[in-house]
Amino acid sequence: MNNLNELSKQIYEGNKLRGFDVSKENIGQTLMLVVSELAEALEADRKSKYANLEAFENCMAADDINEGDKDLYIKQSFQETIKDTFQDEIADSFIRLFDLCGGLQIDIEKHIKYKLEYNSKRDFKHGKRY
């Protein structure tokens, strides 16, 4: 587990440049936005909307695209093969969580490490039915 803190910082800084600053927003609102991304993932799964990474990566590898058209081509390719799919919404959930960690300067690597250590010492299903 390496570089999650760096990724969090990078996502936070990138989002801040686009006008989003989670460190100055309501934490509850931000957490509900994570929940909304998970709800969108559920809906995508219910509709069997899954990413076609192979098609997208083939588009990315195309070498016959005019340099001036490349950004638009990549954007359109993403929209046709990945946007609003189950995987895309899961990625959005992580991005929002990493943004929150970066904005609040949470050392998520340590927290995950310690939580995994703790969980390894817990009972089967943590002593619950499910």
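Sequence positions, counted from 1, serve as the residue numbers for this chain. All heavy atoms count here, side chains included; hydrogens, waters and symmetry mates do not.
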### Query
What heavy-atom pair brings Leu33 and Ser36 nearest, and what distance separates the two atoms?
O-OG, 2.7 Å
### Query
If you measure from CD on Glu43 to CG on Asp45, what distance do you get to the nearest 0.5 Å?
9.5 Å
### Task
Could you walk me through whether Gln79 and Lys75 pass the side-chain contact (heavy atoms from CB on, under 4.5 Å) test, one step at a time?
CA-CA 6 Å; Gln79 289 172 338; Lys75 185 177 177 181; 3.8 Å; yes
### Message
Is it the case that the side chain of Glu40 and the backbone of Glu89 share a donor-acceptor pair, with hydrogens and angles ignored and the cut-off at 3.5 Å?
### Response
no
### Message
Does atom CG (Asp71) have a neighbourhood of more than 12 heavy atoms from anything else shown, all under 6.0 Å?
### Response
no
### Task
Please round to the nearest 0.5 Å and tell me the distance separating atom NE2 of His111 and atom NZ of Lys115.
11.5 Å
#### Entry: Phe94 CZ: over 12 foreign heavy atoms closer than 6.0 Å
no
### Task
Identify whether Met60 and Ile82 are in the same connected component of the hydrophobic contact network (ILVMFWY, side-chain heavy atoms under 4.5 Å).
yes
### Tyr12 side, atom OH; Ser23 side, atom OG - distance, nearest 0.5 Å
3.0 Å
### Message
Does Ile27 have more than 12 heavy atoms from other residues, nucleotides or ligands lying within 6.0 Å of its CD1?
### Response
no
### Query
If every non-hydrogen atom of Ser93 is compared with every non-hydrogen atom of Glu37, which pair is closest and at what distance?
OG-CB, 3.3 Å
### Query
Taking Arg122 for the side chain and Tyr118 for the main chain, is one N or O donor matched with an acceptor at less than 3.5 Å?
no
### Main-chain N/O of Glu6 paired to Asn3 side chain as donor or acceptor, under 3.5 Å
no
### Query
CZ of Phe56: more than 12 outside heavy atoms within 6.0 angstrom?
yes
### Shortest non-hydrogen contact from Glu25 toward Thr30
OE1-OG1, 3.8 Å
### Message
We want to know whether Asn66 and Tyr73 form a side-chain donor-acceptor pair, criterion being a heavy-atom distance below 3.5 angstrom.
### Response
no
### Message
Please tell me whether Phe86 and Ile95 are part of a single hydrophobic cluster in this structure, the criterion being side-chain heavy atoms less than 4.5 Å apart.
### Response
yes
### Task
Output the distance between atom CG (Asp92) and atom CG (Asp84), rounded to the nearest 0.5 Å.
8.5 Å
### Partner of Ser8 by side-chain contact (heavy atoms from CB on, under 4.5 Å), out of Leu100, Asp99, Ile108, Asp107
Ile108
### Query
Which distance, rounded to the nearest 0.5 Å, do you find between the CG of Leu38 and the CZ of Arg96?
11.0 Å
### Query
Between Asn52 (side chain) and Ala55 (backbone), is there a donor-acceptor pair under 3.5 Å?
yes
### Task
Report whether Leu53 and Ile74 are members of the same hydrophobic cluster (ILVMFWY, side-chain heavy atoms less than 4.5 Å apart, transitive linking).
yes
### Task
Begin with the C-alpha distance, continue with both residues' side-chain angles, and end with the deciding distance and a verdict on salt bridge (Lys or Arg N to Asp or Glu O under 4.0 Å) for Glu67 and Lys70.
CA-CA 5 Å; Glu67 194 61 37; Lys70 197 156 191 151; 5.1 Å; no
### Query
Do Phe98 and Ile90 sit in the same hydrophobic cluster, where Ile, Leu, Val, Met, Phe, Trp and Tyr count as joined when their side-chain heavy atoms come under 4.5 Å apart?
yes
### Query
Roughly how far apart are Gln76 CD and Asp69 CG, rounded to 0.5 Å?
9.5 Å
## Note on the structure
Taking every heavy atom of Gly103 against every heavy atom of Val22, the minimum-distance pair comes out as CA-CG1, 3.9 Å
### Exam field: side chain Asn58 to backbone Glu54, donor-acceptor pair closer than 3.5 Å
yes
### Query
Under a 4.5 Å side-chain heavy-atom rule over Ile, Leu, Val, Met, Phe, Trp and Tyr, are Tyr50 and Leu42 clustered together?
no
### Message
Check this for me: Gln105, atom CD, are more than 12 non-hydrogen atoms of other residues, nucleotides or ligands nearer than 6.0 Å?
### Response
no
